[in-house]
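Read through the structure below, which is laid out as structure tokens, and then see the notes.
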Amino acid sequence: MAKKLEDNKENAYLSYQLATIKLDCELPYKPEELVNRSADNEKLVELFTELNFKRWLAEAQSGSAGVDAVAERASSGASAPAAEKAEVTFEAASIDRSQYETILTEEAFRAWMDKLDKTDVVAFDTETDSLDYMEANLVGISFAVAEGEAAYLPLAHDYLDAPKQLDRDWVLAEMKPWLENAGALKVGQNLKYDASVLARYDIAMKGIAYDTMLESYVFNSVAGKHDMDSLAMRYLQHKCISFEEIAGKGKKQLTFNQIEMDQASPYAAEDADVTLRLHNVLMAHLKADEKLKVIFEQYEMPLVPVLSRMERHGVLISAEMLAQQSQEIAVRLDELEKEAFELAGEEFNLASPKQLQAILFEKMGLPVVKKTPSGTPSTNEEVLQELALDYPLPKRILEYRGLAKLKSTYTDKLPKMVKPATGRVHTSYHQAVTATGRLSSTDPNLQNIPIRNDEGRRIRQAFIAPADKTILAVDYSQIELRIMAHLSGDEALIDAFRHGKDIHSATAAEVMGIDISDVTSEMRRRAKAINFGLIYGMSAFGLAKQLGIPRGEAQQYMERYFERYPGVRQYMESTRLQASEQGYVETIFGRRLQLPEIKSSNAMRRKGAERAAINAPMQGTAADIIKRAMILVDAWIQTQPEGRVA
DNA sequence: GTGGCGTCC
DNA sequence: CAGAGGGACGCCACT
């Protein structure tokens with residue numbers, strides 16, 4: 001079904017291919033129709049065209065150095081003066097919790113609603129009885145309208161002798177207009193969670209203007225964690241009341257509804273107060289920096305409601321298909337275990353690297369191919385693959401491991417994660433975890449569902465569409481290599497993309513000095529390893545290991561590559577230099593990755609930072625582009641009639 | 001909680 | 001000389 005879209009003549013290397021969809025939305029028409037670009041889906045197709053890409057680039061240029069100028073600076077190596085920026089310091093906040101209020105009467109509530117109406121940006125936080133956004137019940141709400149001026153509005157504390165509180169449904173009905181008012185700006189810490197909780201009460205939160213977690217992430221993604229307690233320590237030198245202090249820990253930990261008011265109120269009000277103070281500090285820094293401001297305002301904040309909708313919508317899986325697969329895998333694991341015990345001459349735990357080491361290397365005397373960082377003989381896949389050439393047991397272990405992994409991580413686990421309320425699986429997307437700007441996913445991680453071999457791919461088949469709907473998958477083709485072409489300005493690489501060539505074959509032809517029609521599959525495989533290796537800053541040693549060829553040969557490949565694509569080498573060198581001078585690198589759109597170890601006296605750490613420096617602009621720019629696409633696709637979906645999409 | 005391993009992009 | 005591939009998350013064994 002893959003169909004390449006028409007190239008724009010000028011910048012065709014930035015075009016994309018419509019390949020497969022994985023939008024997590026079900027469309028009421030078939031993928032073929034989308035590819036055919038019927039009037040109905042014209043808009044969705046457009047969202048992915050280079051026209052948009054060019055518009056984004058234009059936006060990235062406005063108010064800051066143009067893309068061409070950036071590329072120019074990178075290739076000339078004459079970058080901006082080295083980081084003159086004095087080390088940014090943050091003043092300690094003095095926080096007095098005694099001024100916080102607890103709202104228990106209608107009169108107090110009205111007074112605070114007035115305050116909210118008169119405040120430009122209100123700090124807002126919900127307290128609930130669960131961290132699971134699909135199950136969390138609202139226990140209370142806190143606000144701050146100025147530093148130190150905060151209140152807690154308890155709604156559902158139900159411990160013995162809890163004070164009488166305002167009725168939750170009444171309060172939510174009263175607050176709904178403010179919560180859904182896009183003009184009433186809110187700041188919060190991880191507002192996606194609050195928005196998801198409120199959605200359970202049929203409130204579509206609007207005015208999600210600032211999120212301190214994301215402010216911190218955009219300001220410096222690698223400074224540390226981005227939870228509120230960490231931020232308060234880092235940017236306010238303030239130690240917040242911790243949840244454990246008031247709720248205890250372990251099995252006996254209380255939920256928020258069970259916590260007494262004199263404990264709950266200062267804790268909750270402090271959260272809102274600290275959020276507002278963090279916002280004042282962090283947003284001042286972002287506003288003073290046009291590039292970071294754009295990333296924050298145009299990419300991260302608009303993504304919040306999108307992710308919330310994706311999470312709450314969930315994905316449908318066939319528990320039956322997965323149960324069937326588990327069953328089949330169990331049978332095969334049993335066979336493999338019996339065979340392994342036979343070969344080893346004793347029973348052992350095939351899943352234990354330690355026991356396996358003892359069997360393979362001590363009892364059976366197989367050669368030690370490689371050691372783990374802690375000095376024990378490695379039994380990883382690479383090692384077992386090599387040993388499997390000469391011995392029968394490692395082959396069994398390999399198959400066992402692969403299947404055991406599929407079973408425990410996917411076929412057994414996924415069905416257990418289906419929420420009865422929706423009959424679907426609801427992941428959590430994390431927006432402030434990775435160094436480079438990518439998203440991550442947990443509980444379950446939907447970003448590592450197998451695809452590379454047939455057994456694994458069966459698991460994807462269990463992700464299904466409801467009756468009469470179709471899952472569409474869209475994927476950018478070779479996005480990181482296209483970005484490398486753009487960033488490096490390398491004529492040959494750009495040319496290859498412009499002409500719609502198979503990029504790995506084109507690389508093979510260039511490096512081997514032959515016609516592209518004479519490239520064999522082995523040559524293409526090697527070129528592919530070179531291309532990906534470059535993105536990751538791999539050395540000749542690494543390439544040799546990857547391909548199982550002598551180091552000298554790998555060295556030759558890389559030299560030939562850089563001869564053919566000199567712009568790429570220049571780009572890599574100037575990126576290293578830029579990283580070293582500035583202490584950070586940037587994506588095309590201005591996202592920044594700080595590299596504190598780029599000047600490390602430890603060569604290994606320094607080299608690691610250099611590889612990260614080379615990779616981050618490519619990986620990060622791809623993340624920027626994909627986030628932008630998610631925002632645009634969601635905006636389109638929102639315009640569709642109820643139930644037509646998703 | 002950590003180390004080893006394996007899945008994804 | 002040693003180490004030499006970017007970014008994630010989850011499972012298991014073991015301490």
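What you see below is based on every heavy atom in this structure, not just the backbone, and it leaves out hydrogens, waters and symmetry mates. Bear in mind that the values here come from a model prediction, so they are computed numbers and not experimental data. Per chain, numbering begins at 1; letters A, B, ... match sequence-line order.
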Can you tell me how far P of C:dA13 sits from OH of A:Tyr400, to the nearest Å?
8 Å
Describe, in one word, how the ring planes of A:His426 and A:Tyr133 are oriented to each other, choosing from parallel (under 30°), tilted (30 to 60°) and perpendicular (over 60°).
perpendicular
Taking it one step at a time, do A:Glu480 and A:Arg438 satisfy salt bridge (Lys or Arg N to Asp or Glu O under 4.0 Å)?
CA-CA 13 Å; A:Glu480 291 187 356; A:Arg438 273 190 188 167; 3.6 Å; yes
Does the side chain of A:Ser242 pick up a donor-acceptor pair with the side chain of A:Glu245 at under 3.5 Å?
yes
With a 4.0 Å cut-off on heavy atoms, is A:Arg611 in touch with a base, just the backbone sugar-phosphate, or nothing at all?
sugar-phosphate
C:dA4 and B:dC5, which share atom name P, separated by this distance in whole Å
15 Å
Does A:Leu356 reach the side chain of A:Arg401, with side-chain heavy atoms less than 4.5 Å apart?
yes
C:dC9, OP1 or OP2 - any side-chain N/O from A:Thr409 closer than 4.0 Å?
no
Taking only the C1' atom of each, what is the distance from B:dG6 to C:dC1 in whole angstrom?
32 Å
What is the separation between atom CD1 on A:Ile479 and atom C1' on C:dG6, rounded to the nearest whole Å?
16 Å
Phosphate contact (C:dG7 OP1 or OP2) by A:Arg438 side-chain N/O below 4.0 Å
no
Which nucleotide in the set C:dA4, C:dC9, B:dC8 lies at the smallest distance from any side-chain heavy atom of A:Arg460?
B:dC8
A:Tyr410 has a side chain; which of B:dC5, B:dT7, C:dC14 sits nearest to it?
B:dT7
Taking N and O atoms by type only, does the side chain of A:Gln619 place a donor or acceptor under 3.5 Å from a partner on the base of C:dG6?
yes
Kindly indicate whether the side chain of A:Val433, heavy atoms from C-beta on, has any atom under 4.5 Å from the side chain of A:Lys225.
no
What contact category does A:Lys405 fall into here, base, sugar-phosphate, or nothing, at under 4.0 angstrom with non-hydrogen atoms?
base
N-O pairing of A:Asp502 and A:Arg524 below 4.0 Å:
yes
A:Asn380 CG to B:dG3 C1', in whole Å, measures 13 Å
Base, sugar-phosphate, or nothing: which does A:Lys413 touch, judged by heavy atoms less than 4.0 Å apart?
sugar-phosphate
Mind checking what makes ring pair (Phe, Tyr, Trp, His ring centres under 6.0 Å) contact with A:Tyr400, not counting sequence neighbours?
none
Atom CD of A:Gln357 and atom P of C:dA13 are separated, to the nearest Å, by 15 Å
Report yes if at least one side-chain N or O of A:Thr442 is closer than 4.0 Å to OP1 or OP2 of C:dC9; otherwise report no.
no
Contacting residues from residues 444-452 of chain A, given that a heavy atom lies under 4.0 angstrom of DNA chain B
A:Gln447, A:Asn448, A:Ile449, A:Pro450, A:Ile451, A:Arg452
Strictly below 4.0 Å: does A:Lys354 bring a side-chain N or O up to OP1 or OP2 of C:dC12?
no
Regarding the side chain of A:Gln355, the nearest nucleotide among B:dT7, C:dC14, C:dG10 is C:dC14
Judged by modelled atom types alone, do A:Thr442 and A:Asn445 share a side-chain donor-acceptor pair under 3.5 Å?
no
A:Ser408 side chain N/O closer than 4.0 Å to the phosphate oxygens (OP1, OP2) of C:dG10?
no
Measure CG/A:Leu414 against C1'/B:dC8 and give the value in whole Å, please.
14 Å
Counting just side-chain N and O atoms, does A:Ser440 come under 4.0 Å of either OP1 or OP2 of C:dG7?
no
Taking the six-membered ring of A:Tyr557 as reference, does the NZ or CZ atom of A:Arg526 fall below 6.0 Å from its centre and within a 45° cone about the axis?
no
Taking the side chain as C-beta and beyond, is there a heavy-atom pair between A:Glu328 and A:Gln325 under 4.5 Å?
no
Check each residue of residues 547-567 of chain A for a non-hydrogen atom within less than 4.0 Å of any atom in DNA chain B, then write out the ones that pass by number, or none.
none
Whole-Å distance between C:dG6 P and A:Arg605 CZ?
14 Å
Check whether the ring centres of A:His504 and A:Phe532 lie less than 6.0 Å apart, and answer yes or no.
yes
Taking the nucleotide of DNA chain C with the closest heavy atom to each, which residue, A:Asp443 or A:Tyr536, is nearer the 5' end?
A:Tyr536
Whole-Å distance between C:dA8 P and A:Met618 CE?
16 Å
Counting side-chain heavy atoms from C-beta on, which of C:dA13, B:dT7, C:dA4 comes nearest to A:Asn349?
C:dA13
What integer distance in Å separates A:Arg457:CZ from B:dC9:C1'?
15 Å
